[in-house]
Structures are given as C-alpha cells and as structure tokens.
S.K.: 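If you scroll down you'll find the structure; I have some questions about it.
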Number of protein chains: 2
Amino acid sequence: MQVKDTAFARKLGAFVALSDAELDILSAMHGRRRTFPAGRDMVHEGQVNRSAYVLAAGWVCSYKTLPDGGRQIVDFQIPGDFLGLRSVLFRTADHNIEPVTRVEASEVQFSDLFEGFAQSPRLATAVLWAASRDEAMVVEHLVGIGRRNAQERTAHFLLELGARLTLVGLATPRGYACPLSQYLLADALGLSAVHVNRVLREFREAGLVTFQKGRVEIHDLAGLVALADFDVAYLDHDGPLLK
Amino acid sequence: MQVKDTAFARKLGAFVALSDAELDILSAMHGRRRTFPAGRDMVHEGQVNRSAYVLAAGWVCSYKTLPDGGRQIVDFQIPGDFLGLRSVLFRTADHNIEPVTRVEASEVQFSDLFEGFAQSPRLATAVLWAASRDEAMVVEHLVGIGRRNAQERTAHFLLELGARLTLVGLATPRGYACPLSQYLLADALGLSAVHVNRVLREFREAGLVTFQKGRVEIHDLAGLVALADFDVAYLDHDGPLLK
DNA sequence: CGTTCTCTTGAATCCATTCAATACGAGTGG
DNA sequence: CCACTCGTATTGAATGGATTCAAGAGAACG
C-alpha cells in the first residue's frame with residue numbers, strides 16, 4: 001500500500017513536509033487493516049489498549065458515559081483521522097469509541113509509533129501537531145457547549161464538519177453526506193434529541209440548511225457562518241509550517 | 001538551575017522515566033525566566049507566537065471570547081503546567097492566556113523543543129503524553145458542561161483542581177488556596193456568576209465545601225466525590241509507562 | 001407485516017439566566 | 001478620616017431556553 005496517498009499522510013503533511021524516507025517510516029507504522037461493524041464499540045472505557053487506529057473509511061464517535069445513563073460525544077472521526085491515541089498513551093482508555101457506520105481502519109501499535117519517533121523527530125512533531133489540532137477541535141466544541149445557544153451550536157457543528165470533510169474531499173460548499181442521526185447529534189451538542197429536531201426545522205424553514213436522509217444541504221452558507229460566528233482558524237490548515 | 005526538581009520535570013517523569021541526559025536536554029529547553037502581572041494577557045488570540053511557557057509560580061487561564069462579549073475559560077494552569085503549546089505548533093494562537101495572579105514562567109522556544117525531540121524520542125513521547133493529558137482534562141470539562149448540572153459541574157471542578165494541586169504539593173484532602181473569583185469560576189463552568197454563587201451557598205449549607213476568601217475548605221470529600229461522580233482515572237498518574 | 005429506529009410535534013415543567021438591588025472590603029484621593 | 005470608587009459577593013423575582021413527557025407518523029429491516 002502506498003501510504004503517501006492516504007488521508008493520514010496528507011493530514012500530517014499539512015504541518016510537516018514529509019520526505020519519502022519519512023513516508024516509508026509512516027508506512028511501516030501502519031499495521032493490518034481491520035473492519036468494524038457499526039454500533040459495537042471498538043474501544044471501551046477502562047480497557048487496556050495497546051493499539052490506535054487510522055481511519056480509512058467510515059465514521060466513528062468518541063464518547064464518555066455518565067452514571068445517569070446519558071452520554072457526551074466528544075468528537076466524530078472521519079476518514080484520515082487518527083483515533084485512540086490517548087487510549088494508547090494512557091494505560092487504559094479514558095473514553096469509548098463507537099463506529100457510526102461500518103469502518104475500515106489500520107492498526108497502529110504503540111511500539112511502532114515510538115520507533116517511528118526515534119527515526120524521525122519531524123514525524124514526532126507532526127503527530128504532536130495532529131494531537132494538538134484534535135485538542136483545538138475539542139476546545140472549540142467546549143466553547144460552543146459552554147457559551148453558544150442551541151442554534152449557534154448546531155450551525156457551528158455543521159460548518160466544522162463541512163470544513164473537515166472538505167479537507168479529505170468528502171464535501172463541497174453545497175453540502176455533504178452525513179450518516180449521523182439526530183440522537184447522535186444531540187449527544188454531541190449537549191442537547192436533547194427533541195430540541196435538535198426543532199433547531200433543524202428552524203434552519204430548514206429559514207432556508208439555511210436541510211439535514212435529511214443522510215445529507216446536509218447548505219442553502220445559505222454566508223447566513224450559517226454569520227449565525228455560528230464560524231472561523232476556520234482553529235483548524236489550522238494553511239500548509240506546512242516545518243519545511 | 002536544576003531542572004530535575006521542577007514541577008515540569010516531575011510531571012513528564014510521571015509518564016516517561018527520564019535519564020540524567022534527558023533531564024539535561026530538558027534543562028537546555030528552558031529559556032529565560034519571565035514574570036507577568038495579573039490580568040494582562042500573556043498570549044492573545046490571533047497573535048503570531050513562537051514561544052511556549054512552563055509555569056513556575058502563579059495561576060493562569062486559557063480562554064476564548066465570543067462576539068457577544070462572553071467568554072469561555074477552557075482550563076486553568078497551575079505551577080508545573082505547560083502552556084501555549086498549541087499557539088506554538090500552530091502559526092497563530094487560537095486562544096488567549098491570561099494570568100489570574102502574578103506569574104513566573106520559563107520560556108520555551110519551538111526550535112529548542114524540536115531539537116530536544118531530535119536528541120531524545122523519549123522526550124518527544126513524554127511531551128506528547130503531556131499534551132494528551134491536557135486534552136483529557138479538556139474532554140472531561142466538555143463532558144461536564146455538556147451533561148452535568150450546575151452542582152455536579154462545580155463539585156467536579158473543585159475536585160479536579162484539588163487533585164491537580166495535590167500532585168504539585170499545593171493541596172491536601174482538607175483543602176487548598178484558590179485565587180479564583182466567582183466570575184472566573186462562572187466563565188469556566190459555563191454558568192452565570194450569580195448561579196455559581198447560589199451553588200456555592202448550597203454547598204456551604206450542605207456542609208460539603210466552603211469556598212471563601214481565596215480558600216477551598218473541603219468538609220465532606222466523600223460527599224463531594226459522590227455528587228460529582230468524580231474519578232481521577234483521566235488524570236492518569238500511576239507512574240512511568242515507558243521505563 | 002410487525003418490530004424497531006428515527007423523525008416529528010405539542011404541552012408542561014424546570015433549571016439557569018437576566019434584571020435588580022444590597023452589602024462588603026480594598027484602595028485612592030481630598 | 002471620610003467620601004467615593006471599583007471589584008466581588010449575595011439574594012430575590014421574573015423570564016426564558018431547553019428538557020421531559022407523551023404521542024404519532026415514516027422508513028427500514030428481518
């Protein structure tokens with residue numbers, strides 16, 4: 001398999017320009033390809049876990065559960081995303097990972113990752129950057145839940161997803177395919193499913209976006225951006241910083 | 001200065017057992033010591049920034065602002081914490097950093113950090129771990145704001161702070177000094193200052209904790225832990241994983 | 001062809017906010 | 001030494017955004 005063409009290599013390359021030698025190291029890190037059915041957890045909280053994954057196809061969500069049965073989805077991962085890094089660096093996983101759709105992913109062993117770092121500090125820096133970018137998204141998510149109302153939050157979420165999918169060629173400014181149910185959306189946005197439904201209806205009636213039948217159709221991008229106060233700066237993808 | 005004894009070295013050492021040679025590299029990373037007065041931002045959103053800091057003394061907060069004037073505090077940093085890593089890896093800072101008290105911090109240049117990685121992949125791994133631990137805290141914060149009510153959230157926050165301060169010797173199970181105003185607390189918890197005040201009064205009346213005059217006095221630790229459903233697992237400090 | 005998700009809408013409820021007013025201590029300057 | 005400010009803490013009352021409860025409709029699936 002040519003790693004150079006994978007979404008993962010493209011993503012790391014966005015921060016650190018990777019040489020052929022480094023791409024080979026990256027290639028060596030990729031273990032066997034695995035597939036996971038939708039709905040059954042790939043990683044479970046508290047589980048001792050020695051491997052992370054790079055998503056090749058499908059969507060997953062990372063979430064935490066609460067004693068009252070509720071859950072909070074921290075983030076969704078789309079093709080090209082690294083997942084489970086924290087559950088590898090920590091002794092045990094501190095969150096759950098559930099495939100939203102059927103998923104294909106390459107396994108990455110901690111030992112291989114660490115050896116890759118030894119061979120190339122630039123690679124280590126790139127992975128650190130990727131982790132920081134993930135953190136930036138979680139931070140933005142936190143800000144949204146803490147200080148934005150339901151409409152702003154939902155609009156922001158749909159725009160962020162669009163921006164991320166665009167990076168891997170899975171969205172256009174017009175819209176994108178989105179396999180998320182309103183329940184999943186609610187668990188991510190810190191709202192009730194009922195309220196998510198209302199917000200989506202309001203968006204539809206206002207001619208901003210329609211989210212139906214697994215597709216997000218953006219009818220008024222400018223309007224949405226204004227409503228959500230969306231700024232892609234935190235996604236930081238302006239080309240390699242480390243040449 | 002002997003870096004071995006700093007809170008930062010102690011923290012990294014919690015994940016990767018660092019050799020003397022690695023401690024020397026770490027030492028070389030520390031640039032000049034700087035002090036910052038309370039209240040004036042050390043790092044401002046959008047600012048191009050080439051250095052991070054390791055907090056030696058004092059408290060700072062990282063926050064983002066919203067167009068309506070509100071703000072969300074993402075995290076507080078206490079002595080020993082790394083801060084501004086993201087604003088260094090990204091071209092520009094994606095958040096603000098404001099000293100809550102007068103602060104002393106050592107500057108860390110990106111170039112020095114990167115060179116340290118080249119000399120020791122174990123160090124790179126340790127920094128990646130530290131970043132992941134920060135992310136884990138943000139994630140827990142996200143879960144709290146998304147799915148916990150005001151009481152649970154506040155209790156959880158006070159306990160997390162206690163656990164973190166204990167690690168650097170600044171707290172006991174009985175309580176700790178805390179320079180945060182109710183306004184800062186509100187901005188961190190995604191609540192209004194008025195409501196934070198009410199929650200704190202309820203805690204006082206219930207004999208759980210008192211937070212007055214810059215001190216948090218914990219009267220019923222078990223009760224607080226139960227209320228907040230607090231579990232330190234996500235702080236992951238069970239000794240070095242990489243020997 | 002019934003079961004199970006998912007989506008949808010209305011009505012009642014409630015937690016937290018906003019508005020408003022008071023109190024208190026630390027500074028500051030007349 | 002007192003008046004005045006300013007930041008912080010405190011409490012009551014009214015408001016409101018989102019939740020919960022409830023019920024029905026559609027689509028998907030074995």
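Hydrogens, waters and symmetry mates play no part in the numbers below; they use all other heavy atoms, side chains included. We name chains A, B, ... by the order of the sequence lines, and we start the count at 1 in each one.
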S.K.: Tell me which residues in residues 198-208 of chain A put a heavy atom below 4.0 Å from DNA chain D, sorted by number, or none.
M.R.: A:Arg198

S.K.: Using only side-chain N and O atoms of B:Gln182, determine if any of them is under 4.0 Å from OP1 or OP2 of D:dT10.
M.R.: yes

S.K.: To the nearest 0.5 Å, what is the distance between OH on B:Tyr63 and CG on B:Asp187?
M.R.: 10.0 Å

S.K.: Considering only side-chain heavy atoms of B:Ser181, which listed nucleotide, C:dC19, D:dT19, D:dA9, is closest?
M.R.: D:dA9

S.K.: Distance check needed: C:dA23 C1' versus B:Lys213 NZ, whole Å only.
M.R.: 14 Å

S.K.: Just how far, in rounded Å, is P of D:dA22 from NE2 of A:His195?
M.R.: 20 Å

S.K.: Do A:Gln47 and A:Asp41 touch side chain to side chain, with heavy atoms closer than 4.5 Å?
M.R.: no

S.K.: Tell me the interatomic distance from B:Arg153, atom CZ, to C:dT17, atom C1', rounded to whole angstroms.
M.R.: 13 Å

S.K.: For C:dG25, take OP1 and OP2 only and decide whether either is under 4.0 Å from a side-chain N or O of B:Gln212.
M.R.: no

S.K.: Expressed as a whole number of angstroms, how long is the span from B:Arg148:CZ to C:dA16:C1'?
M.R.: 18 Å

S.K.: Starting at NE2 of A:His141, measure out to CZ of A:Arg148 and round the result to the nearest 0.5 Å.
M.R.: 10.0 Å

S.K.: To the nearest 0.5 Å, how far apart are CH2 in A:Trp59 and CG in A:Leu161?
M.R.: 4.0 Å

S.K.: Between D:dA18 atom C1' and A:Asn197 atom CG, what is the distance in whole Å?
M.R.: 14 Å

S.K.: Can you work out whether B:Ala193 or A:Val194 has the more 5'-proximal nearest nucleotide on DNA chain D?
M.R.: B:Ala193

S.K.: In this structure, how many angstroms lie between the P atom of D:dG7 and the CG atom of B:Leu180, rounded?
M.R.: 18 Å

S.K.: Take atom CD1 of A:Ile145 and atom P of D:dA18, then tell me their distance rounded to the nearest Å.
M.R.: 13 Å

S.K.: Could you give the OH-to-P distance, from B:Tyr183 to C:dT17, as a whole number of Å?
M.R.: 13 Å

S.K.: Report yes or no: do B:Ser62 and B:Gln77 form a side-chain donor-acceptor pair below 3.5 Å?
M.R.: yes

S.K.: Report which part of the nucleic acid B:Gly214 touches: base, sugar-phosphate, or nothing (heavy-atom distance under 4.0 Å, all strands).
M.R.: nothing

S.K.: What's the separation between atom CZ in B:Arg164 and atom CD in B:Glu160, rounded to the nearest 0.5 Å?
M.R.: 5.5 Å

S.K.: Could you give the distance from CD (A:Glu104) to OH (A:Tyr53), rounded to the nearest 0.5 Å?
M.R.: 13.5 Å

S.K.: By the 4.0 Å heavy-atom rule, please label B:Gly190 as base, sugar-phosphate, or nothing.
M.R.: sugar-phosphate

